[in-house]
Number of protein chains: 2
Amino acid sequence: MPRTDALDLVLELVVLLGEDMAQSLAGDGLTVSRARLVWLLHHTGPSTQRALADALKVTPRNVTGLVDGLAQAGYVVRRPHPSDRRATLVTLTEHGAQKLTAMDAAHRELAELLFAGMPDAQYAAFVGGVEHVVARLREALR
Amino acid sequence: MPRTDALDLVLELVVLLGEDMAQSLAGDGLTVSRARLVWLLHHTGPSTQRALADALKVTPRNVTGLVDGLAQAGYVVRRPHPSDRRATLVTLTEHGAQKLTAMDAAHRELAELLFAGMPDAQYAAFVGGVEHVVARLREALR
DNA sequence: TATTGTTATACTCTATAACTATA
DNA sequence: TATAGTTATAGAGTATAACAATA
């Protein structure tokens, strides 16, 4: 007896969450792809484009484009790598860093919005359920 | 105390589910956008491009491109509308209909994969939790 | 006058391949 | 010879605007 209703509900959640994030990011002049890159920079510090490409699982060429857009929007700058003249270090600007700090806060507010008011027992069961599903998906994708 | 861990877990689920679907669809020569269109056709029958644009919440121009690609891939054909000569009715081909029936089965199998083995109590709590989160998101997006 | 779908144009994300500069 | 990042090229998804055919 497949539990397709739960899957459909999860798919709806995916759609709504995607809309919410895209809408919020658009307000900051960001796209999902660009946000992923600056989010990474924010949490790991200045990185070479090569490292970003590996972490984001996209091609180096793609990173060039994303960094171009982010630089034009004032989020990041390219700095020379101190010891390897082939490489560049992508670094958050002051403005970018401030925006990312604000995004951290927005992230916490979203968590608050979604889960505040949920009874502890249900919250625990929900987390357990998501972990279960994530584990199954990881196996399936391996 | 924001429950950011649950949000991060849900975001991971979104990523993994997206990868799983994209991988599966690529095997059928489909993209996510094209799959959404044929999925709609499969469940509502032949439709005008205008109706598809409204249902998918994209522009008519976008639908033109998606239908072009799906027609070339043999999933759909454009037929004249019987009473309105401005409009076309996008219809699944025999091949497309068979593929969609197979996708229905794959959908049930995915539900089976994700939720089989989950205790009834946890399943119920999980569904309740997702419903809670979906409701909150609906409010936020309104 | 309004609607359906198209052509024209443009931007973003994505990829592969060839090339430059450096290691 | 290998690596970092670029230019060149291409396809998909998305949008707006102008237009043709029809209602």
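In this text the structure is predicted, and so the values were computed from the model without any measurement. Proteins get letters first, then strands, A, B, ... in listed order; numbering begins at 1 in each.
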**Student:** For the pair T44(B) (side chain) and L40(B) (backbone), establish whether a donor and an acceptor sit closer than 3.5 Å, ignoring hydrogens and angles.
**Tutor:** yes
**Student:** With sequence neighbours left out, what residues match D104(A) under side-chain contact (heavy atoms from CB on, under 4.5 Å)?
**Tutor:** W39(A), H42(A), H43(A), R108(A)
**Student:** Mark yes when over 12 heavy atoms from residues, nucleotides or ligands other than E94(A) sit less than 6.0 Å from its CD; otherwise mark no.
**Tutor:** no
**Student:** To check you understand the geometry: which heavy-atom pair defines the closest contact between M103(A) and L30(A), and what is its length?
**Tutor:**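 Between these two residues, the closest heavy atoms are SD-CD1, 4.0 Å.
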**Student:** How are the rings of F115(A) and F126(A) set to each other: parallel, tilted or perpendicular (split at 30° and 60°)?
**Tutor:** tilted
**Student:** Salt bridge or not between R3(B) and D120(A)? Use side-chain N to carboxylate O under 4.0 Å.
**Tutor:** yes
**Student:** Tell me the interatomic distance from R79(B), atom CZ, to dG5(C), atom P, rounded to whole angstroms.
**Tutor:**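 Spelled out: CZ on R79(B) to P on dG5(C) is 16 Å.
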**Student:** Restricting to non-hydrogen atoms, name the atom on R36(A) and the atom on L56(A) that form the minimum distance, rounded to 0.1 Å.
**Tutor:** NH2-O, 3.5 Å
**Student:** Group every Ile, Leu, Val, Met, Phe, Trp and Tyr by side-chain heavy-atom contacts under 4.5 Å, then state whether V130(A) and V15(B) land in the same group.
**Tutor:**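 V130(A) and V15(B): separate clusters.
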**Student:** How would you label the contact of R36(A) with the nucleic acid (heavy atoms, under 4.0 Å): base, sugar-phosphate, or nothing?
**Tutor:** nothing
**Student:** For residues 39-60 of chain B, which residues have at least one heavy atom under 4.0 Å from DNA chain D?
**Tutor:** V58(B), T59(B)
**Student:** Specify the closest pair of heavy atoms between Q49(A) and V90(A), including all atoms of both residues, with the distance to one decimal.
**Tutor:**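 Closest pair (atom of Q49(A), atom of V90(A), distance): CG-CG2, 3.7 Å.
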**Student:** Is T64(A) close enough to dG5(D) that one of its side-chain N or O atoms is under 4.0 Å from OP1 or OP2 there?
**Tutor:** no
**Student:** For the pair R136(B) (side chain) and A116(A) (backbone), establish whether a donor and an acceptor sit closer than 3.5 Å, ignoring hydrogens and angles.
**Tutor:**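 Yes, because the side chain of R136(B) sits within donor-acceptor range (under 3.5 Å) of the backbone of A116(A).
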**Student:** Expressed as a whole number of angstroms, how long is the span from E19(A):CD to dT14(D):P?
**Tutor:**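 From E19(A) CD to dT14(D) P: 12 Å.
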**Student:** Are the side chain of S83(A) and the backbone of H81(A) linked by a donor-acceptor contact shorter than 3.5 Å?
**Tutor:** no
**Student:** Just how far, in rounded Å, is P of dT4(C) from CZ of R78(B)?
**Tutor:** 16 Å
**Student:** Which whole-number value in Å describes the distance from H81(B) NE2 to dA21(D) C1'?
**Tutor:** 16 Å
**Student:** Looking only at heavy atoms, what is the nearest atom pair of V58(A) and N62(A), with distance?
**Tutor:**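 Nearest pair, atom of V58(A) first, then N62(A): CB-ND2, 3.6 Å.
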**Student:** Report all interatomic pairs (protein N or O, nucleotide N or O of nucleotides 18-23 of chain C) with separations under 3.5 Å.
**Tutor:**
residue	atom	partner	partner atom	Å
dA23(C)	OP1	R85(A)	N	2.9

**Student:** Detail all sub-3.5 Å separations between protein N/O atoms and N/O atoms belonging to nucleotides 8-12 of chain D.
**Tutor:**
residue	atom	partner	partner atom	Å
dA8(D)	N6	R61(A)	NE	3.4

**Student:** Sequence neighbours left out, cut at 3.5 Å: what donor-acceptor pairs do the side chains of residues 65-76 of chain B make with other protein atoms?
**Tutor:**
residue	atom	partner	partner atom	Å
D68(B)	OD1	R78(B)	NH1	3.0
D68(B)	OD1	R78(B)	NH2	3.0
Y75(B)	OH	D28(B)	O	2.7

**Student:** Under 4.0 Å: is that the gap between some side-chain N or O of N62(A) and OP1 or OP2 of dC13(C)?
**Tutor:**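 Result: no.
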**Student:** Tell me which residues in residues 70-77 of chain A lie within less than 4.0 Å of DNA chain C, going by non-hydrogen atoms.
**Tutor:** none
